[in-house]
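These numbers come from a predicted model, not from an experiment. Each ligand, and each atom within it, is numbered from 1 in the order the structure gives.
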Amino acid sequence: MKDFKPANEIQDLQYFGEFGGVNPSISDSSTYTFLSAKTMFDTFEGNTDGCYLYSRHSTPSNLYLSEALAAMEGTESANVTGSGMGAITPTILQICGAGDHIVSSRTIYGGTYAFLKNFTPRMGIETSFVDITKLDIVEAAITENTKIIYCESVSNPLLEVADIKGLSTLAKKHNLQLVVDNTFSPLSISPAKLGADVVIHSLTKFINGSSDTMGGVICGTSDFVNATKSVIDGASMLLGASMDSLRSSSILKNMRTLHIRMKQHSKNAAFLAEKFESIGLKTVYPGLKSHTSHEVFKSMMNKEYGFGGMLTIDAGSLEKANALMELMQEKNLGYLAVSLGFYKTLFSAPGTSTSSEIPADEQKEMGLTDGLIRFSIGLDNDIERTYQMMKESMLEVGVLKPEMV
Ligand SMILES: *Cc1c(COP(=O)(O)O)cnc(C)c1O
């Protein structure tokens, strides 16, 4: 783990454009010619490396981005997709069929939760949702039909941290695939190096970082990635959530600054989390010693990228949370918006937005309170000024009492 340097792995790749350009050429084509009919047949059979077939299968631009992402995660291969959900759903359907079972963290992205809870049962795939931080509970949920342990490295929105090494040991013992969504912690955590079999990202968030596109990626062994792309029975190929070449080329360019951005997101989030906690706000940030999984995160992390850009505070009630978010937006401290990984701070109340797929009683059980605000901290150059203005906003709407500061 110590000698794996994900940013170096990205930097050491070298691609030139068709005319010696410093960026690879964009393959602006949906289909590809063959010099001989035999090669076309072989390519459909999957026997010809380096031949492009049709852009839903793969394109040169998608392969450049996929290679960069595989290098970042330290996996053999990767395949980019049209969105994060377009990576998650084919991965699950590639591994599971009717009669199979999944053990999933109960605190996961709302869309993934809805897919596992409401959609896959229609295909005879059942999921048990568990507290992923308790390995004994995870193991107890495994049945003879279980195929996958599913989790997020750092969970949405409660920022629970999965012990990936521990989960990987369980997965190997029971012959399961450990699938980890690493969207919240790119570069900071390298799940494959800790034993994950498949690593997924929504590129829509930190990796692209400019909130101008959707994207996703499946990182894993060449066998698995190729299986998802098979023209015969590959879930990515057949469900069709492929990425467009123009988008993959723009994401690749943004990805080159990911390491600088992650350091700044983490630095700003750590600063604010410490300040918020010190004035008595209920603050959740994996970098705080008070975080229940602080030590687990520390034991897994690539130190230079910090504990990430996500934090939550409890404003006390939904009314106060809403008033605070509206005021912060008015003061241009950030935007009241879902999603994450933007240069501006983004904030939302997960209970009524990104996690609204989760029923109220289950939200309560997992500790998702009404007044919870999720922050994706931006790249602000003067975070001290941001803090002062946020504090004033909190005083104004009554989230902070004057005697607290
Ligand atoms: C946003 C998100 C997704 C879904 O990604 P899309 O690109 O919106 O499809 C999946 N997992 C996590 C953790 C996310 O934050």
Side-chain angles (χ1 to χ4, degrees), residues 62 65 69 73 78-93 102 104-117 119-120 127 129 132 148 150-162 164 179-189 191 196 198-219 235-236 239-244 247-248 250-251 254-255 258 262 265 269 284 286 297 308-312 337-342 346-350 353-358 366 368 372 374-377:
N62 287 3
L65 178 60
L69 289 158
E73 289 299 357
N79 185 33
V80 292
T81 56
S83 70
M85 288 307 293
I88 292 164
T89 56
T91 297
I92 289 165
L93 295 177
I102 296 167
S104 170
S105 166
R106 62 182 186 185
T107 58
I108 50 173
Y109 180 68
T112 313
Y113 179 84
F115 182 67
L116 294 175
K117 177 97 178 174
F119 200 94
T120 48
T127 300
F129 296 95
I132 204 75
I148 294 178
Y150 187 93
C151 68
E152 296 172 2
S153 323
V154 180
S155 81
N156 179 45
L158 294 172
L159 311 181
E160 285 179 352
V161 180
I164 298 171
V179 178
V180 180
D181 178 340
N182 199 28
T183 301
F184 274 36
S185 46
L187 296 176
S188 293
I189 296 179
V198 182
V199 183
I200 290 172
H201 282 278
S202 167
L203 306 179
T204 315
K205 315 295 171 52
F206 287 107
I207 292 180
N208 182 63
S210 46
S211 293
D212 58 356
T213 184
M214 294 181 297
V217 68
I218 302 168
C219 303
S236 291
L239 294 169
S242 308
M243 179 173 275
D244 184 75
R247 275 311 183 188
S248 50
S250 77
I251 296 171
N254 284 354
M255 201 182 150
L258 179 65
M262 285 318 296
H265 284 301
V284 174
F297 195 122
M310 304 300 295
L311 66 87
T312 71
V338 298
S339 199
L340 40 134
F342 198 37
L346 302 178
F347 32 79
S348 56
S353 61
T354 50
S355 295
S356 56
E357 294 92 337
I358 303 172
M366 61 179 67
L368 212 167
L372 196 78
R374 182 186 84 175
F375 286 81
S376 164
I377 303 300

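With 3.5 Å as the limit, one finds a donor-acceptor pair spanning the side chains of Arg374 and Asn156. There is no side-chain donor-acceptor pair under 3.5 Å between Thr112 and Asp181.
Just one of Val180, Ile164, Val199 meets the side chain to side chain contact (heavy atoms under 4.5 Å, CB included) condition when paired with Ile189; it is Ile164.
Asn62 places no side-chain N or O within 3.5 Å of a backbone atom of Ser248 that could act as its donor or acceptor partner.
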Distances only, to 0.1 Å: what are the N or O pairs between ligand 1 and the protein that fall under 3.5 Å?
from	atom 1	to	atom 2	distance (Å)
ligand 1	5 (O)	Ser202	OG	3.0
ligand 1	7 (O)	Gly84	N	2.8
ligand 1	7 (O)	Ser202	OG	2.8
ligand 1	7 (O)	Thr204	OG1	2.6
ligand 1	9 (O)	Gly84	N	3.0
ligand 1	9 (O)	Met85	N	2.8
ligand 1	11 (N)	Asp181	OD2	2.6
ligand 1	15 (O)	Lys205	NZ	2.7

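Taking the side-chain contact (heavy atoms from CB on, under 4.5 Å) definition, one finds that Ser83 meets it with Met85, Met214, sequence neighbours left out.
Using a 30° and 60° split on the angle between ring planes, Phe129 and Tyr113 fall in the tilted class, from 30° to 60°.
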